[in-house]
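On a predicted model such as this, the values are computed, not experimentally measured, just so you know.
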Amino acid sequence: MRAVVVAGIGGLVIGHILWLVGIKFATETQSVNSWVLVVAGVSLLVGVIGGLLGLRYHRRRASAKAAFLWCLPISPVLFSLSVLGVTYL
């Protein structure tokens with residue numbers, strides 16, 4: 001059980017760090033609006049892939065890998081949606 005919790009927290013932290021790197025790159029460019037869309041699209045794509053791979057590992061009874069993959073896209077997807085709301089609304 002401890003390994004599952006640590007893997008989930010690790011997924012949250014690594015996902016957040018990757019999102020921060022992507023947004024930092026997007027805000028340093030000339031066309032911020034288009035790069036924010038790219039970062040949001042990549043975040044959503046990684047979210048779908050992480051969910052599907054997490055389901056695959058869950059069926060194989062690899063709970064730690066499944067928790068990591070399920071928690072990896074949570075922060076990037078939530079923050080991308082909030083940035084999209086602030087940027088375009």
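Counting all heavy atoms, side chain and backbone alike, Gly8 lies closest to Cys71 at O-CB, 3.3 Å. When all heavy atoms of Ala64 and Ala7 are compared, the closest pair comes out as O-CB, 3.2 Å. Scanning both residues, Ser80 and Trp19, for their nearest heavy atoms gives OG-NE1, 3.0 Å. Shortest non-hydrogen contact noted between Ser75 and Leu12 is CB-O, 4.3 Å.
Taking 4.5 Å as the limit, every side-chain heavy atom of Glu28 sits out of range of all side-chain heavy atoms of Trp35. Looking only at side-chain heavy atoms (C-beta outward), Ser43 and Val39 come within less than 4.5 Å of each other. Residues Val48 and Leu52 are in side-chain contact: their nearest non-hydrogen atoms beyond the backbone lie under 4.5 Å apart.
Put simply, OG on Ser63 and CH2 on Trp70 are 8.0 Å apart, with the number rounded to the nearest 0.5 Å. For the atom pair NE2 (His58) and NZ (Lys65), the distance works out to 15.0 Å, reported to the nearest 0.5 Å.
Clustering ILVMFWY residues whenever any of their side-chain heavy atoms sit less than 4.5 angstrom apart, transitively, puts Ile74 in a cluster other than the one holding Leu53. Val21 and Val83 fall into different hydrophobic clusters, where Ile, Leu, Val, Met, Phe, Trp and Tyr are joined by side-chain heavy atoms under 4.5 Å apart, directly or via other members. Side-chain heavy atoms closer than 4.5 Å link hydrophobic residues (I, L, V, M, F, W, Y) into clusters, and following such links, possibly through other members, connects Leu84 to Leu20. Using a 4.5 Å cut-off between side-chain heavy atoms of Ile, Leu, Val, Met, Phe, Trp and Tyr, with links allowed through other members, Leu69 and Leu18 fall into the same hydrophobic cluster. Cluster annotation: Val13 is connected to Val5 through the hydrophobic network of ILVMFWY side chains, with a link wherever side-chain heavy atoms come within less than 4.5 Å.
Of the residues Val46, Leu44, Leu45, the one that meets the side chain to side chain contact (heavy atoms under 4.5 Å, CB included) test with Val42 is Val46.
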(request) Could you give me the CA-CA distance, side-chain angles and deciding distance for Ile23 and Phe79, then say whether side-chain contact (heavy atoms from CB on, under 4.5 Å) is met? (result) CA-CA 10 Å; Ile23 286 297; Phe79 284 123; over 6 Å; no

